[in-house]
Amino acid sequence: MVSEFMLQQTPVARVLPVHEQWLARWPTPADLAAEPTGEAVRAWGRLGYPRRALRLHAAATAIVERHGGEVPSAYDDLIALPGVGDYTAAAIASFAFGRRHVVLDTNVRRVFARTVQGVEFPSASVTKAEREVATELLPDDDATAATWAVAVMELGALVCTASNPRCAACPVAEQCTWRASGYPAYDGPPRKVQTWAGTDRQCRGRLLAVLRDADGPVHRSRLDAAWSEEAQRVRCLASLVEDRLVVHAGADTYALP
DNA sequence: CATGCGTGGGG
DNA sequence: TCCCCAAGCAT
């Protein structure tokens, strides 16, 4: 569950060391739930999207309150937890508990887009037809379905990659529609790339990094020095407070919660 | 359904 | 150098 939260939009290589330290410090949900949320934010480090740290902490708290401290195995219980959506609920139920679920992440979607649909990339959002294909291909029994889910996902992550796929090493290359049709280039709507320089997201990251790297509360002037554009800085600090990633500690000081 | 939300590595 | 991302979620 911890790894799934961390892997939501963050590459595996960057997750590994943080995941290891996290589990050494908080081996159970109760251990994490007993800490202030700010400790989770600090331990999250530079994985990005720090709201995931708050959600993981909130999920740990909910697990203690609603499930006796044990991570639930049922999809419906999992998806009811903060920060757990369809993918994460299915992944935990399947990978950790061996249940039969359609695990549909970006890697799996790409594998099916190529092998079944014959296109280079899947659509921007999951379609009904796409989910039906994934459901139909899923093996019937729990154990085989769970193995299938992790196998297809690894295939997408390691072989059927977004760029420079290693088709020579692909076990289903002979069955791949995209390959059979001569690797037609992607011709859908342009895939959106998120801007970064000068955005609120960058500003928030800078501000939070100051607090993360400090031992205790920091003076407003330290935050002022981290971002020169005042209106944006003020707006972003307010949004961080609103998001509970930062608290107003004193008259002119801020801290992690 | 589109948008906002971090970060640093690789092509 | 610069661009494109990488195992989503909540709103």
Side-chain angles (χ1 to χ4, degrees), chain A residues 1-19 40-59 78-96 101-112 120-128 130 134 149-166 186 189-213 226-227 232 235-246:
Chain A
M1 180 171 176
V2 172
S3 72
E4 290 301 340
F5 268 73
M6 292 181 172
L7 287 165
Q8 292 167 359
Q9 299 284 277
T10 301
V12 175
R14 212 179 314 160
V15 163
L16 285 174
V18 181
H19 175 259
V41 174
R42 194 187 304 278
W44 197 256
R46 300 179 164 278
L47 292 181
Y49 294 143
R51 294 196 289 200
R52 292 180 293 164
L54 292 183
R55 291 171 184 159
L56 181 52
H57 185 282
L78 288 163
I79 203 169
L81 296 171
V84 178
D86 170 69
Y87 162 75
T88 302
I92 295 171
S94 181
F95 302 156
H101 285 285
V102 172
V103 178
L104 211 50
D105 80 327
T106 187
N107 290 303
V108 174
R109 295 189 63 215
R110 186 173 56 248
V111 170
F112 290 154
E120 185 175 15
F121 296 115
S123 56
S125 53
V126 179
T127 65
K128 189 169 193 274
E130 193 177 356
V150 69
V152 175
M153 198 159 142
E154 289 298 300
L155 182 63
L158 302 177
V159 177
C160 193
T161 48
S163 59
N164 305 318
R166 303 174 54 216
Y186 176 78
R191 295 185 292 164
K192 56 178 184 284
V193 290
Q194 54 182 12
T195 54
W196 173 246
T199 61
D200 283 4
R201 193 160 46 219
Q202 183 185 28
C203 178
R204 285 165 54 106
R206 289 272 182 82
L207 296 176
L208 195 60
V210 171
L211 298 175
R212 213 171 43 219
D213 297 339
W227 195 265
Q232 187 178 29
R235 177 174 74 244
C236 287
L237 183 55
S239 75
L240 286 169
V241 172
E242 173 68 24
D243 289 346
R244 309 267 182 183
L245 284 163
V246 172

Q: Write down the distance separating the C1' atoms in C:dT1 and B:dG8, rounded off to the nearest Å.
A: 15 Å
(Q) When you measure from the side-chain N and O atoms of A:R14 to the phosphate of B:dG9, is any distance below 4.0 Å, counting only OP1 and OP2? (A) no
Q. Phosphate oxygens OP1/OP2 of B:dG6: is one of them under 4.0 Å from a side-chain N or O of A:R204?
A. yes
Q.
Within the 4.0 Å heavy-atom criterion, would you say A:T88 contacts the bases, only the backbone, or no part of the nucleic acid?
A. sugar-phosphate
Q: Round to a whole Å and report the spacing from CZ of A:R201 to P of C:dC4.
A: 15 Å
Q: Grab the two heavy atoms, one from A:A59 and one from A:M1, that are nearest each other, plus how far apart they are.
A: CB-CE, 3.6 Å
Q) Reckon A:N107 touches a base, only the sugar-phosphate, or nothing at all at heavy-atom distances under 4.0 Å? A) base
(Q) Using a 4.0 Å heavy-atom cut-off, does A:R212 contact any base of the nucleic acid, only the sugar-phosphate backbone, or nothing at all? (A) sugar-phosphate
(Q) Please give the distance between the P atoms of B:dG11 and C:dA7 as a whole number of Å. (A) 14 Å
(Q) Students often get this wrong, so: under 4.0 angstrom with heavy atoms, is A:D243 touching a base, only sugar-phosphate, or nothing? (A) nothing
Q: Return the 5'-most residue of the pair A:V126, A:D200 with respect to DNA chain B, ranking by each residue's nearest nucleotide.
A: A:V126
Q. If you look at every heavy atom in A:S123 and A:R109, which pair is closest and at what distance?
A. O-NH2, 2.8 Å
Q: Sequence neighbours left out, what passes ring pair (Phe, Tyr, Trp, His ring centres under 6.0 Å) with A:H57? Give chain and number order.
A: none
Q: Could you work out which one of B:dG6, C:dA7, C:dG8 sits closest to the side chain of A:T10?
A: B:dG6
Q. Under 4.0 angstrom, heavy atoms only, what part of the nucleic acid is A:L208 near: base, sugar-phosphate, or nothing?
A. nothing
(Q) Nearest whole Å is fine: how far is C:dA10 P from A:Y49 OH? (A) 14 Å
Q: Measure from OH on A:Y87 to P on C:dA7 and round the result to the nearest Å.
A: 9 Å
Q. Which nucleotide sits closest to the side chain of A:R46: B:dG4, C:dA7, B:dT7?
A. B:dT7
Q. Is the distance from OP1 or OP2 of C:dA6 to the nearest side-chain N or O of A:Q9 less than 4.0 Å?
A. no
Q.
Can you measure A:L81 atom CG to C:dA10 atom C1' for me and round it to whole angstrom units?
A. 15 Å
**Q.** Nearest heavy-atom neighbours spanning A:M6 and A:L47
**A.** CG-CD1, 3.8 Å
Q) NA contact type, A:V103, heavy-atom cut-off 4.0 Å: base, sugar-phosphate, or nothing? A) nothing
Q: Counting heavy atoms from C-beta on, name the nucleotide in B:dT7, C:dA6, C:dA7 closest to the side chain of A:W196.
A: B:dT7
Q: Please tell me which of the listed nucleotides, C:dG8, C:dA7, C:dA6, lies nearest to the side chain of A:E154?
A: C:dA7
Q | No-H, no-angle donor-acceptor pair, A:S163 side chain to B:dG11 base, under 3.5 Å | A | no
Q. Is A:T106 near enough to C:dA6 that one of its side-chain N or O atoms lies under 4.0 angstrom from OP1 or OP2?
A. no
Q. Hey, is CZ on A:R244 packed in by over 12 heavy atoms from elsewhere, all under 6.0 Å?
A. no
Q: Give A:Q202 one of three labels, base, sugar-phosphate or nothing, depending on what nucleic acid heavy atoms sit under 4.0 Å from its own.
A: nothing
Q: Looking only at side-chain atoms of A:E4, point me to the closest of B:dT7, C:dC9, C:dA7.
A: C:dA7
